[in-house]
Amino acid sequence: KLNEEKLALTKEHRNLLTQLSDLQAKTEAQTSDSVSRLIKLCHSSHSKEELVQNFLDHISWCGIFFRYLPTVQSFVATAAKGLDIEVIKGIGTRLTEEELKNIGQNLDQGILPKNMEDFMKSIVKVDHYFLRKIQPQKMLEAIFVFWKPGQKSDQLSFGGMENNFSVFELIYQNLHFLRRAELFDINDALTELHNQVYFQKKIKEEVSRGQRFKLPVSLVLLSIDRFPEIEKSLGKNNRDLILKSIAAIVQKTSRTNDL
(Lines give C-alpha, C1' and ligand atoms only; values in the text may rest on other atoms or scores of the structure.)
Protein backbone atom coordinates (compact mmCIF):
# COMPACT_ATOMS: atom_id res chain seq x y z
CA LYS A 1 0.00 0.00 0.00
CA LEU A 2 2.83 2.39 0.87
CA ASN A 3 4.60 1.62 -2.41
CA GLU A 4 1.40 2.28 -4.36
CA GLU A 5 0.99 5.65 -2.63
CA LYS A 6 4.61 6.55 -3.36
CA LEU A 7 4.13 5.72 -7.07
CA ALA A 8 0.93 7.79 -7.24
CA LEU A 9 2.67 10.71 -5.53
CA THR A 10 5.59 10.51 -7.96
CA LYS A 11 3.25 10.60 -10.96
CA GLU A 12 1.27 13.58 -9.66
CA HIS A 13 4.49 15.34 -8.69
CA ARG A 14 5.85 15.02 -12.23
CA ASN A 15 2.66 16.55 -13.66
CA LEU A 16 2.92 19.41 -11.19
CA LEU A 17 6.55 20.12 -12.09
CA THR A 18 5.50 20.36 -15.74
CA GLN A 19 2.84 22.95 -14.79
CA LEU A 20 5.43 24.92 -12.81
CA SER A 21 7.83 24.90 -15.74
CA ASP A 22 5.09 26.08 -18.12
CA LEU A 23 4.06 28.86 -15.73
CA GLN A 24 7.64 30.05 -15.32
CA ALA A 25 8.15 30.12 -19.11
CA LYS A 26 4.89 32.06 -19.52
CA THR A 27 5.77 34.71 -16.92
CA GLU A 28 9.26 35.14 -18.36
CA ALA A 29 7.74 35.67 -21.81
CA GLN A 30 5.40 38.30 -20.38
CA THR A 31 8.30 39.94 -18.48
CA SER A 32 6.19 40.04 -15.32
CA ASP A 33 8.88 41.17 -12.87
CA SER A 34 6.65 40.86 -9.81
CA VAL A 35 5.55 37.31 -10.62
CA SER A 36 9.10 36.29 -11.60
CA ARG A 37 10.40 37.57 -8.25
CA LEU A 38 7.63 35.67 -6.49
CA ILE A 39 8.55 32.43 -8.29
CA LYS A 40 12.18 32.77 -7.20
CA LEU A 41 11.13 33.67 -3.64
CA CYS A 42 8.72 30.73 -3.39
CA HIS A 43 11.23 28.30 -4.86
CA SER A 44 13.68 29.28 -2.12
CA SER A 45 11.18 28.23 0.59
CA HIS A 46 12.07 24.99 2.36
CA SER A 47 8.72 24.36 4.06
CA LYS A 48 5.05 25.14 3.63
CA GLU A 49 5.20 27.49 6.60
CA GLU A 50 8.10 29.44 5.11
CA LEU A 51 6.38 29.53 1.72
CA VAL A 52 3.17 30.94 3.21
CA GLN A 53 5.05 33.69 5.05
CA ASN A 54 7.20 34.54 2.02
CA PHE A 55 4.06 34.83 -0.09
CA LEU A 56 2.35 37.10 2.44
CA ASP A 57 5.45 39.29 2.68
CA HIS A 58 5.57 39.62 -1.11
CA ILE A 59 1.97 40.67 -1.82
CA SER A 60 0.49 44.11 -1.15
CA TRP A 61 -2.70 42.71 0.39
CA CYS A 62 -3.30 41.79 4.03
CA GLY A 63 -4.16 38.19 4.75
CA ILE A 64 -4.55 35.32 7.19
CA PHE A 65 -3.66 31.70 6.51
CA PHE A 66 -6.00 29.26 8.26
CA ARG A 67 -4.87 25.63 8.35
CA TYR A 68 -7.62 23.01 8.43
CA LEU A 69 -7.35 20.23 11.02
CA PRO A 70 -9.73 17.45 9.89
CA THR A 71 -9.36 15.37 13.06
CA VAL A 72 -11.00 18.16 15.10
CA GLN A 73 -12.96 19.74 12.22
CA SER A 74 -11.40 23.15 12.84
CA PHE A 75 -9.54 25.98 11.14
CA VAL A 76 -6.55 27.46 12.99
CA ALA A 77 -4.73 30.71 12.17
CA THR A 78 -1.01 30.03 11.60
CA ALA A 79 0.28 33.01 9.58
CA ALA A 80 -0.81 36.57 8.83
CA LYS A 81 0.07 39.92 7.30
CA GLY A 82 -1.48 43.17 8.47
CA LEU A 83 -1.88 42.15 12.11
CA ASP A 84 0.18 40.55 14.88
CA ILE A 85 0.08 36.80 14.30
CA GLU A 86 1.02 36.10 17.93
CA VAL A 87 -2.32 37.62 18.98
CA ILE A 88 -4.32 35.13 16.92
CA LYS A 89 -1.90 32.23 16.41
CA GLY A 90 -3.46 28.94 17.43
CA ILE A 91 -6.97 30.41 17.71
CA GLY A 92 -9.32 27.84 16.24
CA THR A 93 -12.86 27.89 14.90
CA ARG A 94 -14.65 24.55 14.97
CA LEU A 95 -17.11 23.61 12.21
CA THR A 96 -20.60 22.33 12.89
CA GLU A 97 -21.72 19.14 11.14
CA GLU A 98 -23.87 21.22 8.77
CA GLU A 99 -20.97 23.55 7.93
CA LEU A 100 -18.74 20.55 7.32
CA LYS A 101 -21.16 19.12 4.76
CA ASN A 102 -21.18 22.31 2.68
CA ILE A 103 -17.69 23.67 3.37
CA GLY A 104 -16.30 23.25 -0.16
CA GLN A 105 -19.30 24.79 -1.89
CA ASN A 106 -19.55 27.68 0.58
CA LEU A 107 -15.85 28.55 0.29
CA ASP A 108 -16.15 28.55 -3.51
CA GLN A 109 -18.93 31.11 -3.10
CA GLY A 110 -16.83 33.24 -0.75
CA ILE A 111 -18.81 32.26 2.35
CA LEU A 112 -16.93 31.62 5.59
CA PRO A 113 -18.30 29.42 8.38
CA LYS A 114 -20.22 31.50 10.93
CA ASN A 115 -17.55 31.38 13.65
CA MET A 116 -14.83 32.41 11.19
CA GLU A 117 -16.98 35.26 9.88
CA ASP A 118 -17.51 36.48 13.45
CA PHE A 119 -13.76 36.16 14.05
CA MET A 120 -12.98 38.35 11.01
CA LYS A 121 -15.48 40.99 12.11
CA SER A 122 -14.82 41.10 15.85
CA ILE A 123 -11.08 40.33 16.10
CA VAL A 124 -9.64 41.37 12.73
CA LYS A 125 -12.21 44.17 12.18
CA VAL A 126 -12.68 43.29 8.49
CA ASP A 127 -16.03 42.86 6.70
CA HIS A 128 -14.96 42.56 3.04
CA TYR A 129 -12.47 39.97 1.85
CA PHE A 130 -11.59 37.31 -0.73
CA LEU A 131 -11.23 33.59 0.03
CA ARG A 132 -8.97 31.09 -1.67
CA LYS A 133 -8.83 27.36 -0.85
CA ILE A 134 -5.65 25.33 -0.67
CA GLN A 135 -6.43 21.71 -1.47
CA PRO A 136 -3.53 19.62 -2.77
CA GLN A 137 -4.65 16.21 -4.02
CA LYS A 138 -8.24 17.58 -3.82
CA MET A 139 -8.18 17.50 -0.01
CA LEU A 140 -8.93 20.74 1.83
CA GLU A 141 -5.79 21.72 3.74
CA ALA A 142 -6.11 25.47 4.33
CA ILE A 143 -7.73 28.71 3.25
CA PHE A 144 -6.42 32.21 2.70
CA VAL A 145 -8.50 35.25 3.62
CA PHE A 146 -7.30 38.39 1.79
CA TRP A 147 -8.38 42.00 2.31
CA LYS A 148 -7.31 45.60 1.80
CA PRO A 149 -7.78 47.91 4.81
CA GLY A 150 -10.48 50.51 4.36
CA GLN A 151 -11.85 49.13 1.10
CA LYS A 152 -15.45 47.96 0.66
CA SER A 153 -16.55 44.96 -1.36
CA ASP A 154 -17.48 47.03 -4.42
CA GLN A 155 -13.99 48.57 -4.40
CA LEU A 156 -12.13 45.25 -4.22
CA SER A 157 -10.79 43.46 -7.27
CA PHE A 158 -8.76 40.29 -6.93
CA GLY A 159 -7.70 40.32 -10.58
CA GLY A 160 -4.18 41.59 -9.93
CA MET A 161 -3.61 38.86 -7.38
CA GLU A 162 -4.63 35.89 -9.53
CA ASN A 163 -1.19 35.33 -11.13
CA ASN A 164 0.51 35.68 -7.76
CA PHE A 165 -1.86 33.20 -6.17
CA SER A 166 -1.48 30.73 -9.07
CA VAL A 167 2.29 30.74 -8.51
CA PHE A 168 1.86 30.22 -4.78
CA GLU A 169 -0.69 27.44 -5.25
CA LEU A 170 1.49 25.43 -7.65
CA ILE A 171 4.61 25.72 -5.51
CA TYR A 172 2.59 24.91 -2.38
CA GLN A 173 1.39 21.73 -4.06
CA ASN A 174 4.98 20.93 -5.00
CA LEU A 175 6.03 21.25 -1.36
CA HIS A 176 3.02 19.18 -0.37
CA PHE A 177 4.22 16.27 -2.48
CA LEU A 178 7.73 16.60 -1.09
CA ARG A 179 6.39 16.78 2.47
CA ARG A 180 4.08 13.83 1.86
CA ALA A 181 7.08 11.75 0.88
CA GLU A 182 8.89 12.89 4.04
CA LEU A 183 5.94 11.74 6.16
CA PHE A 184 6.95 8.19 5.48
CA ASP A 185 10.00 8.97 7.65
CA ILE A 186 8.29 10.89 10.49
CA ASN A 187 4.93 9.10 10.73
CA ASP A 188 4.21 5.85 12.50
CA ALA A 189 2.81 3.46 9.89
CA LEU A 190 0.49 1.71 12.37
CA THR A 191 -1.14 4.62 14.24
CA GLU A 192 -0.53 7.35 11.59
CA LEU A 193 0.62 9.61 14.42
CA HIS A 194 3.97 11.37 14.28
CA ASN A 195 6.87 9.32 15.56
CA GLN A 196 9.74 10.05 17.95
CA VAL A 197 11.88 11.68 15.25
CA TYR A 198 9.19 14.33 14.75
CA PHE A 199 8.53 14.64 18.47
CA GLN A 200 12.17 15.35 19.32
CA LYS A 201 12.29 18.11 16.71
CA LYS A 202 8.99 19.76 17.64
CA ILE A 203 9.42 19.61 21.41
CA LYS A 204 12.62 21.68 21.12
CA GLU A 205 10.77 24.25 19.00
CA GLU A 206 7.83 24.44 21.43
CA VAL A 207 10.06 24.79 24.50
CA SER A 208 12.05 27.50 22.73
CA ARG A 209 8.84 29.34 21.79
CA GLY A 210 7.55 29.04 25.36
CA GLN A 211 10.77 30.54 26.72
CA ARG A 212 10.73 33.33 24.13
CA PHE A 213 7.16 34.41 24.94
CA LYS A 214 7.30 33.37 28.62
CA LEU A 215 4.45 30.89 28.16
CA PRO A 216 4.10 27.48 29.85
CA VAL A 217 4.51 24.29 27.83
CA SER A 218 2.49 21.26 28.91
CA LEU A 219 3.26 17.65 28.06
CA VAL A 220 0.86 14.71 28.41
CA LEU A 221 2.24 11.18 28.68
CA LEU A 222 -0.09 8.24 28.06
CA SER A 223 0.69 4.78 29.40
CA ILE A 224 -1.32 1.63 28.66
CA ASP A 225 -1.79 -0.52 31.75
CA ARG A 226 -0.41 -4.06 31.56
CA PHE A 227 0.50 -3.62 27.91
CA PRO A 228 3.07 -6.49 27.79
CA GLU A 229 0.42 -8.82 29.28
CA ILE A 230 -2.12 -7.72 26.65
CA GLU A 231 0.33 -8.46 23.87
CA LYS A 232 1.23 -11.83 25.33
CA SER A 233 -2.33 -12.98 25.99
CA LEU A 234 -4.20 -11.46 23.02
CA GLY A 235 -1.48 -11.48 20.37
CA LYS A 236 0.15 -8.84 18.20
CA ASN A 237 -2.89 -8.21 15.99
CA ASN A 238 -5.09 -7.27 18.94
CA ARG A 239 -2.22 -5.24 20.42
CA ASP A 240 -2.07 -3.24 17.18
CA LEU A 241 -5.85 -2.70 17.20
CA ILE A 242 -5.64 -1.30 20.73
CA LEU A 243 -2.83 1.07 19.73
CA LYS A 244 -4.75 2.27 16.66
CA SER A 245 -7.92 2.80 18.75
CA ILE A 246 -6.07 4.87 21.35
CA ALA A 247 -4.34 6.89 18.62
CA ALA A 248 -7.74 7.64 17.05
CA ILE A 249 -9.09 8.84 20.40
CA VAL A 250 -6.06 11.10 20.89
CA GLN A 251 -6.60 12.64 17.45
CA LYS A 252 -10.32 13.20 17.93
CA THR A 253 -10.07 14.67 21.43
CA SER A 254 -7.03 16.93 20.93
CA ARG A 255 -7.59 20.66 20.97
CA THR A 256 -7.00 22.65 17.79
CA ASN A 257 -3.68 24.09 18.99
CA ASP A 258 -2.29 20.86 20.46
CA LEU A 259 0.77 19.36 18.81
Side-chain angles (χ1 to χ4, degrees), residues 5-6 8-13 15-17 19-20 23 38 42-43 45-56 58-59 63-81 85 88-97 99-113 115-117 119-120 129-146 158 161-162 164-187 192-194 198 202 248 251-252 254-259:
E5 186 174 357
K6 285 181 181 179
L9 280 172
T10 301
K11 184 177 179 181
E12 290 188 58
H13 193 202
N15 292 335
L16 181 63
L17 290 176
Q19 293 180 54
L20 278 169
L23 179 62
L38 178 60
C42 289
H43 268 310
S45 303
H46 299 293
S47 67
K48 290 181 180 179
E49 294 76 16
E50 185 181 358
L51 171 61
V52 168
Q53 196 57 59
N54 282 341
F55 176 67
L56 285 170
H58 176 83
I59 62 176
I64 302 178
F65 184 79
F66 291 95
R67 182 171 295 282
Y68 179 58
L69 305 179
T71 55
V72 287
Q73 300 176 6
S74 301
F75 284 100
V76 177
T78 60
K81 179 180 180 179
I85 182 58
I88 64 169
K89 192 171 185 179
I91 293 179
T93 54
R94 191 179 182 91
L95 303 181
T96 65
E97 291 299 325
E99 288 173 333
L100 193 62
K101 290 179 185 177
N102 305 311
I103 186 65
Q105 181 180 349
N106 287 341
L107 290 175
D108 286 338
Q109 296 174 0
I111 302 172
L112 281 173
N115 286 341
M116 293 185 72
E117 185 180 351
F119 170 82
M120 292 299 297
Y129 42 77
F130 282 103
L131 308 181
R132 285 297 182 272
K133 292 188 298 184
I134 308 295
Q135 46 181 16
Q137 295 184 279
K138 299 180 181 179
M139 296 293 291
L140 180 63
E141 185 167 306
I143 60 172
F144 260 120
V145 181
F146 299 105
F158 200 69
M161 273 280 289
E162 286 295 357
N164 285 332
F165 187 77
S166 294
V167 169
F168 167 83
E169 189 173 32
L170 284 173
I171 296 178
Y172 188 95
Q173 289 184 54
N174 180 47
L175 277 176
H176 170 81
F177 285 120
L178 296 175
R179 177 70 67 83
R180 189 76 187 93
E182 291 173 359
L183 286 179
F184 292 112
D185 296 324
I186 63 171
N187 266 19
E192 297 183 1
L193 297 177
H194 290 309
Y198 181 85
K202 294 301 292 185
Q251 286 183 319
K252 288 180 181 179
S254 296
R255 298 174 303 175
T256 54
N257 59 341
D258 286 337
L259 180 63

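Basis for what follows: all heavy atoms, side chains included, without hydrogens, waters or symmetry-related copies. We number each residue from 1, following the sequence as shown.
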key: side-chain contact (heavy atoms from CB on, under 4.5 Å) between L107 and I143, worked out   = CA-CA 9 Å; L107 290 175; I143 60 172; 3.6 Å; yes

request  = Report the C-alpha distance between E97 and Q73 in whole Å, list the side-chain angles of each, state the deciding distance to 0.1 Å, and finish with yes or no for side-chain contact (heavy atoms from CB on, under 4.5 Å).
outcome  = CA-CA 9 Å; E97 291 299 325; Q73 300 176 6; 3.4 Å; yes

request  = Verify side-chain contact (heavy atoms from CB on, under 4.5 Å) between M120 and I64, making sure each step is shown before the conclusion.
outcome  = CA-CA 10 Å; M120 292 299 297; I64 302 178; 4.1 Å; yes

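Taking CD1 from I134 and NZ from K48, the interatomic distance works out to 10.0 Å, rounded to the nearest 0.5 Å. One distance of note links OG1 of T96 with NZ of K101; it measures 9.5 Å at 0.5 Å rounding. Of the inter-residue distances, the one linking N106 atom CG with L112 atom CG reads 9.5 Å to the nearest 0.5 angstrom. One finds the CD atom of E49 at 11.5 Å from the CG atom of N54 (value rounded to the nearest 0.5 Å). To the nearest 0.5 Å, atoms CD (Q251) and CG (L69) are separated by 11.0 Å. Expressed to the nearest 0.5 Å, how far CZ of R132 lies from OG of S166 amounts to 9.0 Å.
Counting heavy atoms from C-beta outward, M139 and Y68 have side chains that stay 4.5 Å or more apart.
No close placement of the F146 and F130 rings is indicated, their centers lying 6.0 Å or farther apart. No close placement of the F75 and F65 rings is indicated, their centers lying 6.0 Å or farther apart. You'll find the ring centres of F144 and F66 outside the 6.0 Å limit.
Closest approach of T78 to R67, counting heavy atoms only: CG2-CB, 4.1 Å. Between E169 and K133 the shortest heavy-atom distance is OE2-O, 3.9 Å. Nearest heavy atom pair, residue A80 against residue I88, reads CB-CD1, 4.4 Å. Across all non-hydrogen atoms, the minimal contact from R94 to E99 is O-OE1, 4.1 Å. A pairwise comparison of heavy atoms in Y172 and V52 identifies CE1-CG2, 4.1 Å as the closest pair. Smallest separation of non-hydrogen atoms from L131 and G110: CD1-C, 3.4 Å.
The aromatic rings of F168 and F165 sit tilted, their planes meeting at an angle between 30° and 60°.
Remark: of the listed residues N102, L100, V72, N115, L100 is the sole one forming a side-chain contact (heavy atoms from CB on, under 4.5 Å) with L95.
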